[in-house]
Protein chains: 2
Amino acid sequence: MINNKNCIIRLSRYKNALVRFKTLGFIKIFSEYLADAVGGTSAQVRKDFSLFGISGNKRGGYQIDALIAKLNSILGKNEVQKVVLVGAGQLGSALVRYNTFEKEGIKIIAAFDIDPAKINPKAPTPILQIDEMARFILKNGVRIAILSVPDSAAQQTLDMLVKAGIKGVLNFAPIELKGTNDCIINNVNLAVELENLIYFVNVTAKATV
Amino acid sequence: MINNKNCIIRLSRYKNALVRFKTLGFIKIFSEYLADAVGGTSAQVRKDFSLFGISGNKRGGYQIDALIAKLNSILGKNEVQKVVLVGAGQLGSALVRYNTFEKEGIKIIAAFDIDPAKINPKAPTPILQIDEMARFILKNGVRIAILSVPDSAAQQTLDMLVKAGIKGVLNFAPIELKGTNDCIINNVNLAVELENLIYFVNVTAKATV
DNA sequence: TAGATTGTTAATCGATTAACAATC
DNA sequence: TAGATTGTTAATCGATTAACAATC
């Protein structure tokens with residue numbers, strides 16, 4: 001595939017913006033308006049679409065319904081995506097109950113933790129022992145995992161997940177995990193995101209003094 | 001400033017990797033090893049450093065202690081960064097108690113919510129009424145906010161924050177907020193991050209079939 | 001038809017990487 | 001000294017943007 005991560009993220013943003021346009025009653029949209037909505041350029045919108053063979057009508061723009069359907073299909077949103085979560089601590093528990101995932105067709109079908117006190121197989125999203133994890137993943141054909149364990153446990157947990165057949169991991173542990181051919185890693189480091197913001201706020205403040 | 005966001009994120013990663021090297025007992029390090037640790041190239045490490053006037057010793061590499069100190073200074077980590085959080089729901093509450101922030105010198109000094117049931121001024125991190133927010137921010141000179149309100153409230157909450165003097169916002173609401181000259185926005189959309197992962201996992205799966 | 005928007009090619013821009021002289 | 005690594009310049013690479021012919 002020729003497409004890069006930023007491009008796919010833009011597809012998600014287009015999709016979200018289009019849903020809002022649709023609820024406002026719009027039927028069709030021009031690349032210019034969609035660009036405005038996501039903070040890009042119309043050329044980029046058309047370029048992104050053309051990379052995926054999405055075409056509109058010259059002079060008529062794009063049909064919103066068809067466009068959303070096409071984007072959903074590309075982004076794998078035609079079926080509910082089953083994921084598991086490992087590490088039911090503060091952040092992990094919040095993610096288990098995070099409504100937006102459900103709205104977006106992402107279903108956390110089980111969570112796993114090493115702490116016996118956290119186990120609760122009867123919860124709406126069952127919290128299970130970590131030694132049941134591999135079997136559960138295999139049995140349910142899960143390919144995506146959310147990792148929210150302490151950083152000291154991150155690498156070994158990742159190894160377990162990969163061995164069980166997980167192909168993609170969203171990692172919240174504050175340590176950079178590296179992807180392999182077997183498994184893609186998407187690192188989300190919240191402290192780094194804040195540090196970044198702090199840096200640019202400080203730079204801007206100094207620049208204007 | 002000439003530096004881009006990715007470059008600053010790399011500085012954070014270098015810093016984190018160096019702290020690990022230091023705990024392992026290393027005193028100095030070559031660009032090559034640091035690059036390996038963060039998954040980059042040695043040329044990029046040296047380039048990034050030279051952009052910030054960081055220099056090492058030809059043939060001797062970089063002194064880890066001095067390097068960490070310099071990076072901490074650039075990233076504003078010499079003093080505790082005070083931030084406020086708005087929206088003490090599932091995710092917001094988890095972030096309030098998220099240890100990694102504390103470890104990284106980021107202190108959430110107060111949270112705000114519109115729901116009276118959530119108010120708790122006596123908590124370790126006080127949860128206050130949202131109508132006290134502007135005064136609190138002004139009084140404490142806070143410049144950074146974490147936004148974890150529902151998407152329907154995101155834009156109006158942002159407006160309040162900017163009016164109160166906030167200069168940078170880490171936004172978790174699943175709607176793309178746009179920065180202005182007054183205030184920088186860093187959008188973290190967890191569903192989009194997962195969608196992205198799902199896309200690449202699916203593409204890889206199809207490619208190997 | 002005249003006018004406006006798409007789809008795509010070519011130009012630009014910026015970031016990453018390679019290469020190598022300087023030098024410890 | 002000989003060898004290895006930095007610091008920086010130049011080359012490469014890829015992504016974004018501009019431009020415009022096609023056409024509805």
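Naming: A, B, ... by sequence-line order, numbering from 1 per chain.
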(Q) Does any part of the side chain of A/Ile130, heavy atoms only, come nearer than 4.5 Å to the side chain of A/Met160, both counted from C-beta? (A) yes
Q | Validation row: A/Asn196, B/Lys5 side chains within 4.5 angstrom (heavy atoms) | A | yes
Q. Can you tell me how far C1' of D/dG14 sits from NZ of A/Lys5, to the nearest Å?
A. 17 Å
Q.
If you take the centroid of each ring, where Trp contributes its six-membered ring, are A/Phe136 and A/Phe112 closer together than 6.0 Å?
A. yes
**Q.** Distance in Å, B/Ile144 CD1 paired with B/Lys82 NZ, rounded so as to fall on 0.5 Å steps
**A.** 12.0 Å
Q) Could you give the CG-to-P distance, from A/Asp36 to C/dT5, as a whole number of Å? A) 13 Å
Sort me out a list of protein N/O and nucleotides 21-24 of chain D N/O pairs below 3.5 Å, or just none if empty.
none

(Q) I need the CD-P distance between A/Glu32 and C/dG7, as an integer number of Å. (A) 15 Å
(Q) Using a 3.5 Å limit for the pairing distances, which stems of at least 3 consecutive Watson-Crick or G-U wobble pairs does DNA chain C take part in? (A) C:3-24 with D:3-24
(Q) What is the separation between atom CD on B/Gln44 and atom C1' on D/dT6, rounded to the nearest whole Å? (A) 16 Å
Q: Give the C-alpha distance, both sets of side-chain angles, the deciding distance and a yes or no for side chain to side chain donor-acceptor pair (under 3.5 Å) between A/Asn171 and A/Asn187.
A: CA-CA 5 Å; A/Asn171 173 43; A/Asn187 291 293; 2.8 Å; yes
**Q.** Heavy-atom check, side chain of B/Leu161 versus side chain of B/Met133, under 4.5 Å
**A.** yes
Q) Counting side-chain heavy atoms from CB outward, which of C/dT6, D/dT6, D/dA15 is closest to A/Asn4? A) D/dA15
Q.
Working to the nearest 0.5 angstrom, can you tell me the gap between A/Leu75 CG and A/Ile8 CD1?
A. 7.0 Å
Q: Starting from P on C/dT17, measure out to CZ on B/Arg10 and report it in whole angstrom.
A: 8 Å
Q) Base, sugar-phosphate alone, or nothing: which one does B/Gly40 contact when heavy atoms must sit under 4.0 Å apart? A) nothing
Q. Whole-Å distance between D/dT8 P and B/Phe49 CZ?
A. 14 Å
**Q.** Whole-Å distance separating the CG atom of B/Leu51 from the P atom of C/dG14
**A.** 14 Å
Q.
Could you measure the distance from the CG atom of A/Leu34 to the OG1 atom of A/Thr41? Nearest 0.5 Å is fine.
A. 11.0 Å
(Q) Please classify the nucleic acid contact of B/Ser42 as base, sugar-phosphate, or nothing, using heavy-atom distances under 4.0 Å. (A) nothing
Polar atom pairs between nucleotides 18-20 of chain C and protein, under 3.5 Å, N or O only, would you list them?
| residue | atom | partner | partner atom | Å |
| --- | --- | --- | --- | --- |
| C/dA19 | N6 | B/Arg46 | NH2 | 3.4 |

Q: Find the distance A/Asn6:CG to C/dA15:P and express it as a whole number of Å.
A: 13 Å
**Q.** Side-chain donor-acceptor contact under 3.5 Å, A/Gln155 with A/Asp159
**A.** yes
Q. Do you know which of A/Phe30, A/Phe49, A/Tyr14 makes ring-ring contact (aromatic ring centres under 6.0 Å, His included) with A/Tyr62?
A. A/Phe49
Q.
Looking at B/Ser73 and B/Ala69, would you say the former's side chain and the latter's main chain have a donor-acceptor pair under 3.5 Å?
A. no
Q) Between A/Glu104 and A/Lys15, is the closest basic N to carboxylate O distance under 4.0 Å? A) yes
Q. Do the side-chain N or O atoms of A/Tyr62 get closer than 4.0 angstrom to the phosphate oxygens (OP1, OP2) of C/dG7?
A. yes
